[in-house]
Every structure is written in structure tokens, then in C-alpha cells.
Amino acid sequence: MSVILGIISLAALVTVVFLSYQNGGEAAVKFGFTGVLAMIFSLVGVALGVLAACNKEYYRFFPVTGIILNVIDLGGVSLILYAGVNL
């Protein structure tokens with residue numbers, strides 16, 4: 001589940017950034033809502049990945065992959081927010 005949430009939030013962030021770029025840097029409210037939703041998905045994905053990684057019965061590949069994807073997503077959202085505040 002962590003990997004799936006990571007892929008969904010990464011796809012959403014890439015789509016939002018691409019559509020904002022096509023609008024000349026103007027981000028609509030729906031793009032901001034999508035960014036917030038992607039951040040929530042990423043936070044839940046990190047939590048699920050950590051819980052699955054702590055469980056000895058699961059393979060480690062998917063939880064670790066999910067954690068990495070979701071941390072990349074959170075970094076992307078943080079970078080977008082940082083650029084929005086400082087530019």
C-alpha cells in the first residue's frame with residue numbers, strides 16, 4: 001500500500017507541476033488542493049511503510065521502496081512550498 005500511495009502522490013505532483021508550467025506559473029486552487037492531498041498520501045505512505053518494515057513477516061523490498069517514494073514526494077512538496085515562500 002505504501003508503494004501505491006507513493007506512486008499516486010508522485011504522479012499527482014508531476015501532473016500539477018506540469019499543468020502549472022503550462023499555465024505560465026499560475027496555479028489554480030485545484031492544483032493546491034491536489035498538492036495537499038499528495039502530501040497527506042505521502043505521510044500515510046511513510047507511516048504504512050515504516051509499520052510494514054518493522055514487521056518480520058513481510059519482505060523488506062516493498063516497504064523500503066514505499067518509504068523512499070513517499071519521502072521523495074514529501075521533499076517535492078517541501079521544495080514547492082519553499083520556492084513559493086521565497087520567490
Minimum-distance pair of heavy atoms, taken over all atoms of Ala38 and Ser9: O-CB, 3.5 Å

Using the rule that two of Ile, Leu, Val, Met, Phe, Trp, Tyr join whenever any of their side-chain heavy atoms come within less than 4.5 Å, decide whether Ile68 and Leu51 are in one cluster. no

Indicate yes or no: at least one non-hydrogen side-chain atom of Gln22 is less than 4.5 angstrom from one of Glu26. no

Distance-minimising heavy-atom pair for Ala52 and Pro63: CB-CG, 3.7 Å

So which residues get pulled into Tyr59's cluster when ILVMFWY side chains under 4.5 Å apart are joined, directly or through others? none

Tell me if a side-chain donor or acceptor on Asn70 pairs with a main-chain N or O of Ser2 at a distance below 3.5 Å. yes

When rounded to the nearest 0.5 Å, the distance separating CD1 of Ile40 from CG of Leu5 is 11.5 Å

The remaining residues in the hydrophobic cluster of Val17, counting side-chain heavy-atom contacts under 4.5 Å among Ile, Leu, Val, Met, Phe, Trp and Tyr, are Leu13, Met39, Leu43, Val46, Val50, Ile67, Val71, Leu74, Val77, Ile80, Leu81

Quick one: CZ on Phe41 to OG1 on Thr34, what's the gap to the nearest 0.5 Å? 10.0 Å

When rounded to the nearest 0.5 angstrom, what is the spacing between OG in Ser42 and CD1 in Ile8? 10.5 Å

Do side-chain atoms of Asn55 reach the backbone of Glu57 as a donor and acceptor pair under 3.5 angstrom? yes

Mark yes when over 12 heavy atoms from residues, nucleotides or ligands other than Phe62 sit less than 6.0 Å from its CZ; otherwise mark no. no

Could you go step by step and tell me if Asn23 and Phe31 meet the side chain to side chain contact (heavy atoms under 4.5 Å, CB included) rule? CA-CA 11 Å; Asn23 277 347; Phe31 297 157; 3.8 Å; yes

Distance from Leu69 atom CG to Ile4 atom CD1, nearest 0.5 Å? 11.5 Å

